[in-house]
Amino acid sequence: MLTPKDFNSDYQNQWCPGCGNFGILEAMKDALATQGIPPEKILIISGIGQAAKTPHFLNCNMFHSLHGRALPLALGAKLANHDLKIIVNSGDGDCYGEGGNHFIHAIRRNTDLTLLVHNNQVYGLTKGQASPTSGLGMTTALQPDGVISEPFNGPAVALSLGAGFVARGFSGNKEHLSSLIQKGMDHKGVSLIDIMQPCVSFNKINTFEWYKERVYETDNPEPDDLPQAMKLSMEWGDAIPIGIFYQTKKQDFTSRIKGLEKGPLIFRNYDPQEANSIFQGS
Amino acid sequence: MLTPKDFNSDYQNQWCPGCGNFGILEAMKDALATQGIPPEKILIISGIGQAAKTPHFLNCNMFHSLHGRALPLALGAKLANHDLKIIVNSGDGDCYGEGGNHFIHAIRRNTDLTLLVHNNQVYGLTKGQASPTSGLGMTTALQPDGVISEPFNGPAVALSLGAGFVARGFSGNKEHLSSLIQKGMDHKGVSLIDIMQPCVSFNKINTFEWYKERVYETDNPEPDDLPQAMKLSMEWGDAIPIGIFYQTKKQDFTSRIKGLEKGPLIFRNYDPQEANSIFQGS
Amino acid sequence: MSTHTNIDMTIKIGGAAGQGIQTIGNLLARACRDAGFYIMAINDFESRVRGGHSFFQMRISDKPVYAPHHRIDLLIALNRETWDLHKDQLQDDGIAILEVPLDSPSKQVFEVEFSTLAKEIGSSLYSNTVAAAVGLSILGASFDKIADLLSWQFAGKKEDIIQKNIKAARLGYDAVKDIQFSRQPFLKTSNPKGQIMEGSRAIALGAIASDCRVAAFYPMSPATSIMQHLAGWTNRLPLVVEQAEDEIAAVNMVIGASFAGARAMTATSGGGFCLMTEGLGLSAITETPIVIVDAQRPGPATGLPTRTAQGDLLFAIHASQDDFPRFVFAPGSLLEAFELTQKAFALSEKYQVPAIILVDQYMVDAIFLLEHSFTFSKKVERFTVGDKDLKDPKNYNRYELTPSGVSPRALPCTGAARVIVSSDEHREDGHITEDIDNRNAMVNKRKSKLPDMIREMSVPQALYPEAKIVLLGWGSTSGSIKESVEGLRNEGMDVGCLLFTDLWPFPTAIVESHLKDPVKIIITVEQNSGAQFGHLLKEQTGISCTHAILKYDGRPFYPIEIMDAVKEKEKH
Amino acid sequence: MSTHTNIDMTIKIGGAAGQGIQTIGNLLARACRDAGFYIMAINDFESRVRGGHSFFQMRISDKPVYAPHHRIDLLIALNRETWDLHKDQLQDDGIAILEVPLDSPSKQVFEVEFSTLAKEIGSSLYSNTVAAAVGLSILGASFDKIADLLSWQFAGKKEDIIQKNIKAARLGYDAVKDIQFSRQPFLKTSNPKGQIMEGSRAIALGAIASDCRVAAFYPMSPATSIMQHLAGWTNRLPLVVEQAEDEIAAVNMVIGASFAGARAMTATSGGGFCLMTEGLGLSAITETPIVIVDAQRPGPATGLPTRTAQGDLLFAIHASQDDFPRFVFAPGSLLEAFELTQKAFALSEKYQVPAIILVDQYMVDAIFLLEHSFTFSKKVERFTVGDKDLKDPKNYNRYELTPSGVSPRALPCTGAARVIVSSDEHREDGHITEDIDNRNAMVNKRKSKLPDMIREMSVPQALYPEAKIVLLGWGSTSGSIKESVEGLRNEGMDVGCLLFTDLWPFPTAIVESHLKDPVKIIITVEQNSGAQFGHLLKEQTGISCTHAILKYDGRPFYPIEIMDAVKEKEKH
Ligand SMILES: Cc1ncc(C[n+]2csc(CCOP(=O)(O)OP(=O)(O)O)c2C)c(N)n1
Ligand SMILES: Cc1ncc(C[n+]2csc(CCOP(=O)(O)OP(=O)(O)O)c2C)c(N)n1
Ligand code: SF4
Ligand code: SF4
Ligand SMILES: [Mg+2]
Ligand SMILES: [Mg+2]
């Protein structure tokens, strides 16, 4: 039996005290322990940002890559070895800003991985610029007149792209979040969990209290009812639902690739004879 | 009175005979003539691809830029001079593939421009690879086992992002397309017109005939009914609607920028005194 | 040229894109190869799908040929433009076959209405078959051979189609049977000398000989064909080819695949390579092997998308922020393309650094005769470790400091060893630190691979290196330079050349020993406007080139251009 | 050092991120400046928001200072780590004020419980004010001055807040009033010598002095602060600052804005610059002026995000496929930052080429005393044309071939002149062509700007250039190198330096004339591991550096490090 402690890292945490990321970290440990997969069998991939530092604070395999680029890197790893159990930790800037194009196309592919977007509605690590999810009017040193672009709604966009698993979580509700993560991990294909995460240093609007007052738990009663899912994903303001907005079965990407039927690429044998016969025949 | 001929270019066309792009070109000339804006007052910006060659075949101002990058370039031009009347010609690869991130964020900003996506569901200029909109199973030299990623639905994604004007057109219906383009140009903010365009050289599935059999004209009876718009945008198969799926008034990007109230930047005066007083005060 | 001494002739077929020029080219090339000739051919086309002007130009010889020839013996023009653009290239005793009659007749020019004949068979689509048969007929091929070829070319098509093509060929064949032409190579055939191959295929074969398992790419001329070969083989090998949403994704997929344990590559051109430069740095700091093929084309930016250039050398060497070791190779022949691709994979993995292969549109799209078979080694040496190779897998350090700078590389989720990788500067265990000593140790670790890496670099191929005039070349220009050297020597000039394939880390010592003589005239020959190799040479050795012969119009060098330029420079 | 001769002391305040080190720094800097001292200070922090270790280190002098000093006279440690990490830097007669008691007492060390005192006022948040007052008290400042400063610092805050800070300061001030310290510069004040300024502000001011109207960026340390200054001024000038979705978008926005007629810029660091390289080529082939600031930090990849480096020189010069002209500048002082930014804008527009400004984290985040006011010229010369300047606007050719290579640049939709621009190779009218002669003409056109561009390059600043040992530097290391030269000369060594700001096109002729003497010992001093400038020098002039002094740990050079290294190299 694994416990959350089995995922503790010796490496010293670097987040601000009180940061919402701690809740996500704890929920992850809880989910992983419950899933019963030992740390050495898990691969966590992240971009760059406060969210993307998460894997350093766990003791799994990890690749802390470039800002915005976790998803294509994860796909590459998955192509090489589709037995890998992959979790991606990304920020709202990382995933929806710099990495926006990869986000779209990862969903189109339906790569089997669990995508946790630590959505603090701000650029944390670079000290407080607006992010794609910052609310209209939010002012920062770089947006002194306030944000004027419509906030990016990850779950809604994922739904419009045909995602098979779309959920929203809250870092302040650890148990609920842990269960979302577990369900996401159980789901074959891409599972997006957009997690509302207070940034105590830079987001003075969407604070812990702010979320606390608004968040309510709900799941889509018919998980594959797309219009209803769309409605849930767009609910924002006085009441903000958390839960699974949408779920449906879809073949995941590597299962659709003919050449992978014989097992993960890295476990197959080099075949010089076949290569030679390709040469001879060409 | 302007006529479509007033937009003819001396430059020799380079498209394949029978290409659906000709229909788009003619619809554009018709729309521009009807709008009555002389060619020297129009700026067309494009990326790279067959679609992106369009501005060479008109006689307006033009910037034929990099693959995928028309939209940020257009925004830059608009920031400098928000009086510019900008049309963007883009391909499905250009806009939804290489340029996917800019597509998302142009819609978030609601930059005032008319975005024509020549959607031939294939990479034309590079000779027939799958594009983000290619149908599942379509085989090409680079996808010999067929496409396995879900097709990208531009209109649906735009709706999920809060776009103010979303339409689908068909290059084979010039009059209808011309009217869409005109309405798009009249709309303040980003207007997306995803245009189904047969590629006679590389797309042997979605041919002129294929579209002709399926396409039917319709507009969203209540233009700002989002769920209905979403439904229309997702209708695909035996019957494919063309028309305005969604329209609602939203302030466009440059109108939201305080500093632009005094008129286009390029017409304002350099102010060394103010610059100096900024220096003194800092 | 007289038929009884030796054969060296050039045939050019030109027309609009979409007229099937490439099919004609395939047929002619195959026929010549089957008849025992050496061939090489270039494909010249515009960045469009139909119309415009394109051509296939093949040199046929009884000796190996590695460069195109500037004069044409037989010109087949499917449209008027072909004649207008290329008539000056026609040999004095060459002939031209035109679809469209000339205003003023010439005794070198004959008319064949390819499309009228084709329509007799049922469709103008057969024009290319008519044209191919016209060419082969003039060259003296037997009609049986042509019929065989068509059956081979259209194998898999309906019998009806094959028969119609044969009929079309007959019409073309007969239409020119009265033309007397001084070169009829097919009268003197012998056994085939090898296999026809494009540069792109040699690279793709090099990749599978390296056990490449993941290839990710975004389509971009002239690189796409390399990926196209690989895509065709995915059902026969443990190989997946994935088209990415953009080049940034492509390079990061390759890094991810390599990290997880598969050899992986991507191919692009300069514009796409720009977008991969950040990934190049990621490969470097995480010490994850990757292979990037940059198939160069003229720039800047979109430039001339379907044409050739060597303008990315210094960019490839310096791309991405800060200093780090990398390999850069540039093959100049099919065999080099096959072997250097393997070398790139092997060394990239051995030293855990990125490797870049510079080719170009000419190299990738041209066809050559491969004289000696490629050999596929039985085993591919891998440079990764597992638990069993580690003393203490549970406390595995991905970036262990070692004398060679290379740390044992384990793969994630394959054992007890936890693999921790970060693009931030990191400790031996892979976690981030900003510590000064650690930073210095890690930069030095990575840099310390360089001496061993330099030792892996092959010496440049030298032809008469002791000559007074030494031409320097790199990559695809090798064939043209060698031929120009032989040509100039035949004319009595003391010329030699050094041809580089292993460009970075620069094999300084070797090169210096070759060029130290101060009275030598050194001429760099490149397909760019900046003499980039010349600058690299000076930076690395202090040796200045006396002259530079530069061509940057997007077309490959003809040997004569180099010869003329050398003579010109010599005068000054 | 004795107080009656001259003042040159260093104070360092260290603690965790979030402890308000920067506020303390601001107060101390302002106090010293107001008291008539010259100052310079570095900000050192980790890539995190709270915790870890960061410090502010300020040099105070009665002579101008342009480099940090390696020894500390007064150390204020808000946490234990600060003491552990920096105690070795403490001067033999320096003192340290610590929050946490030491195990073994030392007569140099005093204890002040900053946070306990702060809590007396109501919150540990006042610790930084306590610490600032401690520092100023020790340095001999009057309490009135401190109170004034606090009122200035917290201007706009509630009166209550100001009063609490003043109370907190009082507690700190009094806590150390019995400490005897040999340096009390505040006993000898004079008139302020200038204005406090960071490098980032000097660049931003340079941009508005250039009439920059559009700035697009994606946040990236250490470049963001430049954009932050500009963002604060958008309501006072015709200026829009837009945060892009990524760096690719940023550079293309800048190109679009410039095309439409606004001067435009972006700022990023190496990783973001990677993503801008394709846009750089677009600027080049379309001849659209742009200015890119690359604020360098250590790489490869993410590297050390908040630290300093000079590792992008060769990348900046060679970035993007194929050859094309560009400018590269690297300022070494506030004034140079202000002026070179203007030069970059002006020349980029005059020659219609991209311009890159290389700065680094040290330069951007450090503060210096600006002795002479910046001057804003009344008029900014623009290099665009309108219908009235054109003979035949209706047949305007954007890429008209001219002797200088520069074509009249009209703006879209501002008249009858139609502006046609393409990233493919194009004709004079801007439309695509693949024609050979046109290609050659266009490459030559762009290249032909180079001779004029080179003439615009300024000579490097030379200090004792006739010396036997010449140090070479570029950009931000200028202050440290100059001080080390003076230091070495004081010790009797014959040392001089050449400091480069105008790096590309390389002013070869000027440089050669300075360095031609073969017996000179030439030492390149750089903040990278590859001696990039040394390589550039050799490539451009054939001159090899005898030695290289390289620092790549992410921290700026102390003059002493250069001095020691020079002495070391001299021995060998
Ligand atoms: C190419 C590139 N551009 C910019 C950066 C700088 N950068 C680092 S983290 C970050 C944004 C962080 O925001 P987010 O992804 O929301 O993560 P958070 O810190 O808020 O968790 C940025 C812009 C970078 N590292 N690389
Ligand atoms: C950075 C970059 N990558 C790749 C290319 C090659 N390229 C040119 S056009 C094109 C795709 C064209 O497809 P689409 O946008 O759908 O336009 P179409 O030709 O079908 O109209 C590609 C991949 C390029 N020019 N630049
Ligand atoms: S800056 Fe915000 S997101 Fe980052 S660690 Fe601090 S509280 Fe968390
Ligand atoms: S390739 Fe297709 S899209 Fe391109 S011009 Fe031809 S038909 Fe049109
Ligand atoms: Mg964030
Ligand atoms: Mg397309």
Side-chain angles (χ1 to χ4, degrees), chain B residues 9-11 14 39-43 45 48 53 55-56 59-81 83-85 101-102 104-106 108-109 254 257-260 262 265-280 282, chain D residues 195 197 201 205 208-209 211 213-214 216 229 233-240 242 244-246 248-262 264 278-279 281-282 286 373-380 411-424 429-432:
Chain B
S9 162
D10 294 337
Y11 185 67
Q14 299 181 354
E40 67 271 17
K41 289 284 166 220
I42 288 169
L43 172 59
I45 297 183
I48 290 291
K53 284 187 179 177
H56 285 284
N59 64 349
C60 308
N61 295 275
M62 61 164 278
F63 199 128
H64 177 213
S65 71
L66 293 174
H67 186 50
R69 314 306 171 193
L71 286 170
L73 205 128
L75 175 66
K78 197 85 189 173
L79 291 177
N81 178 2
D83 281 352
L84 288 174
K85 196 83 199 155
N101 205 29
H102 313 308
I104 294 175
H105 293 276
R108 284 186 54 227
R109 287 193 186 91
T254 48
I257 299 174
K258 262 199 202 164
L260 294 183
K262 293 180 199 150
L265 284 182
I266 66 161
F267 300 124
R268 288 174 61 195
N269 288 326
Y270 170 59
D271 188 347
Q273 266 184 322
E274 189 64 16
N276 189 53
S277 88
I278 285 170
F279 162 67
Q280 296 298 344
S282 72
Chain D
Q195 188 169 338
M197 192 171 291
R201 190 182 301 268
L205 288 167
I208 62 170
D211 197 16
R213 299 200 169 188
V214 172
H229 296 300
W233 305 333
T234 47
N235 288 325
R236 300 177 60 182
L237 293 170
L239 169 66
V240 170
E242 174 60 6
E245 54 272 28
D246 56 31
I248 303 175
V251 73
N252 283 287
M253 284 176 194
V254 167
I255 294 170
S258 172
F259 165 72
E278 199 195 7
L282 179 64
T286 62
S373 262
F374 288 160
T375 48
F376 290 76
S377 43
K378 290 262 166 312
K379 230 181 97 60
V380 168
L411 306 178
C413 304
T414 57
R418 231 75 49 100
V419 186
I420 315 280
V421 169
S422 174
S423 71
D424 281 74
D429 68 4
H431 285 299
I432 303 177

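Letters go in sequence order (proteins before strands), and every chain restarts at 1. Predicted, not measured: the structure shown is a model, and the values here were computed from it.
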Okay, B/L43 and chain D: the region with an atom under 4.5 Å from a heavy atom over there is both
Below 4.5 Å, heavy atoms only, C-beta onward: do B/F63 and D/I255 meet side chain to side chain?
-> yes
For B/I104, is it the side chain, the backbone, both, or neither that has a heavy atom closer than 4.5 Å to a heavy atom of chain D?
-> neither
Measuring heavy-atom distances to chain D, does B/L71 have an atom under 4.5 Å in its side chain, in its backbone, in both, or in neither?
-> neither
Do B/N61 side-chain atoms and D/V419 backbone N/O form a donor-acceptor pair below 3.5 Å?
-> yes
Given that the side chain runs from C-beta out, which part of B/R108 has a heavy atom under 4.5 Å from chain D: side chain, backbone, both or neither?
-> neither
Measuring heavy-atom distances to chain B, does D/V254 have an atom under 4.5 Å in its side chain, in its backbone, in both, or in neither?
-> neither
Go through the steps to decide whether D/L237 and B/I278 satisfy the test side-chain contact (heavy atoms from CB on, under 4.5 Å), and finish with yes or no.
-> CA-CA 10 Å; D/L237 293 170; B/I278 285 170; 3.7 Å; yes
Looking only at heavy atoms, the pair that brings D/R213 and B/L265 closest together is NH1-O, 2.5 Å
Kindly assign one of parallel, tilted or perpendicular to the pair B/H56 and D/H431, based on the angle between their ring planes and the thresholds 30° and 60°.
-> tilted
At their closest point, which heavy atom of D/S422 faces which heavy atom of B/H64, and how far apart are they?
-> OG-ND1, 2.9 Å
Short side-chain to backbone donor-acceptor contact, B/R69 and D/I248, under 3.5 Å | no
Heavy-atom proximity to chain B below 4.5 Å, by part of D/S258 | neither
Where on B/L84 is there a heavy atom nearer than 4.5 Å to chain D: the side chain, the backbone, both, or neither?
-> side chain
Which heavy atom in B/E40 sits nearest to a heavy atom in D/A416, and how many Å separate them?
-> CB-O, 4.2 Å
Where on D/E245 is there a heavy atom nearer than 4.5 Å to chain B: the side chain, the backbone, both, or neither?
-> both
Is it the side chain or the backbone of D/F259 that comes within 4.5 Å of chain B heavy atoms, both, or neither?
-> side chain
Starting at CD1 of D/I208, measure out to CZ of B/F279 and round the result to the nearest 0.5 Å.
-> 10.0 Å
Can you name the nearest heavy-atom pair linking D/N235 to B/G259, along with the distance?
-> OD1-N, 4.3 Å
Bottom line for D/L239: the part with an atom under 4.5 Å from chain B's heavy atoms is backbone
Which bit of B/Q280 is near chain D, if near means a heavy-atom gap under 4.5 Å: side chain, backbone, both or neither?
-> both
Residue D/A417 versus chain B: region with a heavy atom under 4.5 Å | backbone
Separation of D/T375 OG1 from B/N276 CG (nearest 0.5 Å) | 8.5 Å
Tell me, for B/N269 versus chain D, whether the close heavy atoms (under 4.5 Å) come from the side chain, the backbone, both or neither.
-> backbone
Is the closest side-chain heavy-atom distance between D/S423 and B/I48 below 4.5 Å?
-> yes
Of all of B/C60, B/S9, B/A275, B/G68, which one pairs up most often with chain D through heavy atoms under 4.5 Å apart?
-> B/A275
